[in-house]
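Beneath this line is the structure, given in structure tokens, with notes to follow.
Here the structure is a predicted model, which means the values were calculated and not measured. By convention in this document, chain letters (A, B, ...) are assigned in the order of the sequence lines, proteins followed by strands, and residues within each chain are numbered from 1.
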Amino acid sequence: MIEIVEKILITCALPYVNNVPHIGNIAGSHLPADIFARLCRLAGYDTVFIGGSDEHGTPAEVTAERLGITPRELSDFYFKIHKDIYDWLDISYDNFSRTSIPLHHETTLDFFEHIQKNGFIVENTVRLPYCENCRRVLPDRYVEGVCPKCEYEHARGDQCERCSTLLNPEELKSPRCAICGEEPVIRDSNHLFLSLDKLEPRLREWIESKKGEWTGQVVNMALGWLNEGLKPRSITRDIKWGVKVPLKGYEDKVFYVWFDAPIGYVSSTKEWALNQGEPELWREYWQGDARIYNFVGKDNIPFHTIFWPGILIARGGYSLPYRVAGLQYLNYEGDKISKSKGFGVFCENLPDAGLSSDIWRYYLTLLIPETNDSEWKWAEFQERVNNELVANLGNFIHRSLHFIQSKFDGVVPEPDLSEDDIELLKSTEEFAAQVQELIFDIRFREALRKVFELSDRGNKYFQSNEPWKLIKTDPKKAGTVLYVCANLCYDLAVLLSPFMPKSSAKIFEILNTKPGTLQDVGRQKVAAGTKINRPEPLFPKLDDKKISELKNRTSQVTKYEEMIMGKISYDEFSRLDIRVAEIVEVEPVKGADKLLKLTIDVGGKTKQIVGGIAQQYSKDELVGKRIVVLDNLEPAVIRGVKSEGMLLAAVDGDEISILTPDRDAKPGSKIM
RNA sequence: AGCGGGGUGGGGUAGCCAGGUCCAUCCCGCCGGGCUCAUAACCCGGAGAUCGGUCGUUCAAAUCGACCCCCCGCUACCA
């Protein structure tokens, strides 16, 4: 039983703009949220589906710095890529916002001020690693060093990857900044904390009330956190890129991205309301009795069951999520998707791959990891498309419409309906109800299967009535069969629309009939006498060759960072003073196992540079070698050693090969 | 390491919380036979899992308990 409520707000976890989405991100949140939203609209609910990009935080700041651009430029760049991909995949966001817009900063400040007024903010001093070279407070995992337990040399400040001991940065031996290699110092810094401890009883009560309604994974994970006891959690950071903290002494701090990111749901709804020309309309979704559905990946569950609801309670006057749909992960051919290995299907390649977005949506719907991790397999993709989409659903639609086209001049015939026909036509209402119920219960795969059950039924009906024989013996009866089939096609188009909107629209177009809603299913909306448009197969059959083409094409990893850096002019290139140098002397750098200090002769001028080649080259091998250096690089201090240039080498993972002149070239020779 | 989720015929998946009606569901694939409007479907028949492993509880276990193995996530400043 589904209780009818007016308003539904759907949110999809905001993607972080430091990266580009792959199929796992689509199947894990955008697609399920979209199917849900489309169904809600189809069922007549007042639906708002919002999303946006999460843009603040350390990773974006560091990436931007590395690329020599501002965080905003980085965000602008990635935002567009994300937006284009979601548009292409027909993810029907009513609004896709950004956390960097002023409206969001205002909303975050409003939350903070109320939370503070309500007494849920405390201040504390924390000791944090700080890199004086980068002038940056380092998050735990940006500190590297030697593990105190297993002596692993590349342990991170949060955990040693070899012995998996949990660490804090102060425990590392010879710690260094992961960005520049300098040794960080520990500094005191004041920070604001959200008193989750005070919110615990209310959170517990809320979670308990969802037992049985939500999946076990989501409830248990939340209860796990509650049972361990909630502690105040810091909501500020010592970086620049984010929402400024409006307090004295916090001029150099911003709110923690995890504080402001979920508030982005509210900001995005506000932005939507503004675009609707009704600036206050958002309140009906956040401060009224709308049902709020959050679609998030499993890594995100604690944030949406503890941290974010805690923020909402502390703020006061906002509704808590009605349901947190926590989805699992999508793997690829037996392993995790890996961008660096080019292992997976990367969405930026989809538009040029030559298939309708519906085809991708279809298989990805079957892979929505509702309860378990799922797995993309090309062989299965091919089978599913050919045997189900093409042969079952596509075939029923096409054989029906093609028959009308070729035997009835494209006019839906006048029927003479039997009891059985009427019953069949009416039975689709039940399908519609079941599809709705399944989707509301976050069981998309089963819901889609239900749709196929209907086309299956259509195929059986067509088959057992043999209109291709009746057309010769009893044309009236043949016409009745095709009238029924045309109406089944219509109903299928309605039920298919949340999953495959383009194909659905195409069916309506061929039927020359207005697209319908769930209410129209089973109502014989395709009238006798309708002149249909010329049908054509809805879906392509995929042969082995096509599959391997798709596989090659979609696993390409676009080098976005190179695109951001762009092409440089000859003038810019000519600013680089690259020269041949001869290595005079080689010394190790204390406390660094990768670095060597090289004294070099650059055409009569002697200088020293530091290079990270200690693991690949020995001293003997290097002394006397002619190498290539960037001579006019701004000097830097690396591990306490001055470096006045840069050694050029080919780098491929751990393999390093120093560049040398192919023929005899004097030290100091310019490279151009 | 601790916490949480998961391991069911070739692939996916239901059932497990409330043990028997399950020598286990449904979809796809596979094998054999019929029919043809369609990018062929539909019908009939068939092969295939002792439910991750071991040990227990019970008249009875995929379902409950213990231990073990494997995969995944979280463990609070990466998001």
Quiz prompt | Pairs satisfying salt bridge (Lys or Arg N to Asp or Glu O under 4.0 Å), at least one member in residues 252-261 of chain A, at least two apart | solution = A/Asp238-A/Lys253
If you measure from the [atom1] atom in [N] to the same atom in [M], how many Å do you get, rounded?
N: B/C26; M: B/C44; atom1: P; result: 14 Å
N: B/U58; M: B/G53; atom1: P; result: 23 Å
N: B/C64; M: B/G6; atom1: P; result: 11 Å
N: B/G65; M: B/C71; atom1: P; result: 24 Å
N: B/C51; M: B/U63; atom1: P; result: 9 Å
N: B/C69; M: B/A47; atom1: C1'; result: 31 Å
N: B/A79; M: B/U13; atom1: C1'; result: 32 Å

For [N], the Watson-Crick or wobble partner whose two distances fall under 3.5 Å:
N: B/C42; answer: B/G34
N: B/C64; answer: B/G56
N: B/A1; answer: B/U75
N: B/A14; answer: none
N: B/U25; answer: none

Quickly work out the [X] [atom1] to [N] [atom2] distance and round it to whole Å.
X: A/Leu138; N: B/C77; atom1: CG; atom2: P; answer: 14 Å
X: A/Asn25; N: B/A79; atom1: CG; atom2: C1'; answer: 12 Å
X: A/Arg443; N: B/C26; atom1: CZ; atom2: P; answer: 16 Å
X: A/Tyr329; N: B/C72; atom1: OH; atom2: P; answer: 12 Å
X: A/Arg457; N: B/C27; atom1: CZ; atom2: C1'; answer: 16 Å
X: A/Glu375; N: B/G10; atom1: CD; atom2: P; answer: 15 Å
X: A/Ile306; N: B/U75; atom1: CD1; atom2: C1'; answer: 13 Å
X: A/His304; N: B/C74; atom1: NE2; atom2: P; answer: 14 Å

Considering only distance and modelled atom types, tabulate donor-acceptor pairs under 3.5 Å from the side chains of residues 400-408 of chain A, sequence neighbours left out.
unit_1: A/Ser400; atom_1: OG; unit_2: A/Phe396; atom_2: O; d: 2.8
unit_1: A/Ser406; atom_1: OG; unit_2: A/His402; atom_2: O; d: 2.9

Quiz item: Taking for each residue the nucleotide of RNA chain B with the nearest heavy atom, is it A/Lys460 or A/Gly224 whose nucleotide lies nearer the 5' end?
Solution: A/Gly224
Quiz item: RNA chain B: A/Asn300 or A/Glu380, which has the more 5' nearest nucleotide?
Solution: A/Glu380
Quiz item: Which atom names give the shortest non-hydrogen contact between A/Trp258 and A/Pro262, and what distance separates them?
Solution: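 Reported closest heavy-atom pair: O-CD, 3.1 Å.
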Exercise. Taking all non-hydrogen atoms of both residues into account, name the closest pair between A/Ala486 and A/Val526 and its distance.
Key: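 Answer, listing the atom of A/Ala486 first, then A/Val526: O-CG2, 3.9 Å.
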Quiz item: Counting only heavy atoms not in A/Arg457, do more than 12 sit closer than 6.0 Å to its CZ atom?
Solution: no
Quiz prompt | By salt bridge (Lys or Arg N to Asp or Glu O under 4.0 Å) - contacts of A/Arg127 (at least two apart) | solution = A/Glu170
[X] side-chain N/O to [N] phosphate OP1/OP2 under 4.0 Å:
X: A/Lys231; N: B/A76; value: no
X: A/Tyr256; N: B/C78; value: no
X: A/Arg445; N: B/U13; value: yes

Measure from the side-chain heavy atoms of [X] and tell me the nearest of [options].
X: A/Arg449; options: B/C77, B/G12, B/C72; answer: B/G12
X: A/Arg237; options: B/G73, B/C77, B/A76; answer: B/C77
X: A/Asp373; options: B/G5, B/G6, B/C72; answer: B/C72

Quiz item: side-chain contact (heavy atoms from CB on, under 4.5 Å) between A/His105 and A/His56: does it pass, once the steps are laid out?
Solution: CA-CA 11 Å; A/His105 285 231; A/His56 299 316; 3.3 Å; yes
Under 4.0 Å between any heavy atoms, over every strand shown, what does [X] touch: base, sugar-phosphate, or nothing? Just pick one.
X: A/Val62; result: nothing
X: A/Gly229; result: base
X: A/Asn227; result: nothing

Quiz item: Reading nucleotides 28-40 of chain B from the 5' end, what letters show protein touch, with B for base, S for backbone sugar-phosphate only, - for no heavy atom under 4.0 Å?
Solution: SS------SBBBS
Quiz prompt | Sequence-distant partners of A/Phe499, ring pair (Phe, Tyr, Trp, His ring centres under 6.0 Å), two or more places apart | solution = none
Self-check item: Residues in ring pair (Phe, Tyr, Trp, His ring centres under 6.0 Å) contact with A/His82, at least two apart in sequence or another chain
Solution: A/Tyr86
Quiz item: Does any donor-acceptor pair link the side chain of A/Thr58 with the base of B/C78 at a separation under 3.5 Å?
Solution: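 No, the side chain and the base share no sub-3.5 Å donor-acceptor pair.
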Exercise. Describe, in one word, how the ring planes of A/Phe381 and A/Tyr363 are oriented to each other, choosing from parallel (under 30°), tilted (30 to 60°) and perpendicular (over 60°).
Key: perpendicular
